[in-house]
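A quick write-up on the structure given underneath.
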Amino acid sequence: MLLLCIKIFLARIIDVTLGTMRTVLVVRGKKFTPAIIAFFEVLIWFLVAREALTTDIKSILIPICYAAGYATGTFIGGYISNNFVEGLIGVQVTTKTSDVKKMIKEIRDAGFGVSVVDLKNPQDDEKKTMLMIQLNKSKLKKLTHIIRTNDKDAFVVINDTKYVQNGVIK
């Protein structure tokens, strides 16, 4: 029974990890790779579900291992997707720093393209600057370090970007 529980747990980790990665790739506009992943994901799921449901062993550990494998696979799939699946992101930074030119220079010197928009709040005449940057997700830590060094109170919004044409992407 222990061997069956371990088998179910590990197989669910694999199939749910694949499913999470497949979903991320579909959202990013990929088509072929997610289709291949989906084939193996469902094949593993079918074989494991069939075995879990048709076994003669009656133990609460089987559904617990099935559910634990699902949860662990979700966690691992999210980790892999966030750290290893390459993608583009858009970063919008709204800053009140008086030395915005220094921040822009540091961002550009680090190899990032940045568009700058001057903002003004009509209610209090406070001047702000919005920086718009598109970059590979793997470079985000470098960019956020530059932003936080220059303005720890900057308002930062990060979005997944599906498509970029022209411009500067490091």
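Listed for the R148 side chain is no donor-acceptor partner under 3.5 Å among the backbone atoms of L143. Although no hydrogens or angles enter the test, the distance criterion places a donor-acceptor pair under 3.5 Å between the side chain of T144 and the main chain of K141. Judged by distance alone, with hydrogens and angles left aside, the side-chain atoms of R108 form a donor-acceptor pair with the main-chain N or O of V114 at under 3.5 Å.
Note on residues 29-47: pairs passing salt bridge (charged side-chain N to carboxylate O under 4.0 Å, His left out), not counting sequence neighbours, are R22-E41.
For the pair F155 and V93, the minimum side-chain heavy-atom distance is 4.5 Å or more. Between T94 and T129 the shortest side-chain heavy-atom distance does not fall below 4.5 Å. Put simply, the side chain of V157 reaches to within 4.5 Å of the side chain of N159, judged on heavy atoms. Put simply, the side chain of K137 does not reach to within 4.5 Å of the side chain of L88, judged on heavy atoms. The side-chain heavy atoms of I80 and M21, taken from C-beta on, include a pair separated by under 4.5 Å.
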Per-pair distances, 0.1 Å, donor-acceptor, side chain in residues 4-19, under 3.5 Å, sequence neighbours excluded:
| residue | atom | partner | partner atom | Å |
| --- | --- | --- | --- | --- |
| K7 | NZ | E51 | OE1 | 2.9 |
| K7 | NZ | E51 | OE2 | 3.2 |
| R12 | NH1 | D15 | OD1 | 3.2 |
| R12 | NH1 | D15 | OD2 | 2.8 |
| T17 | OG1 | I13 | O | 2.7 |
| T17 | OG1 | G73 | O | 3.3 |

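Partners of Y70 according to the side chain to side chain donor-acceptor pair (under 3.5 Å) rule, which considers only residues two or more places apart in sequence or in another chain, do not exist here. Residues passing the side chain to side chain donor-acceptor pair (under 3.5 Å) test with T95, sequence neighbours excluded: D151. Partners of E106 according to the side chain to side chain donor-acceptor pair (under 3.5 Å) rule, which considers only residues two or more places apart in sequence or in another chain, are K102, N150.
L119 forms part of a hydrophobic cluster together with V117, M130, M132, judged by ILVMFWY side-chain heavy-atom separations under 4.5 Å.
Linking Ile, Leu, Val, Met, Phe, Trp and Tyr residues whenever their side-chain heavy atoms come within less than 4.5 Å leaves F40 and V42 in two separate clusters.
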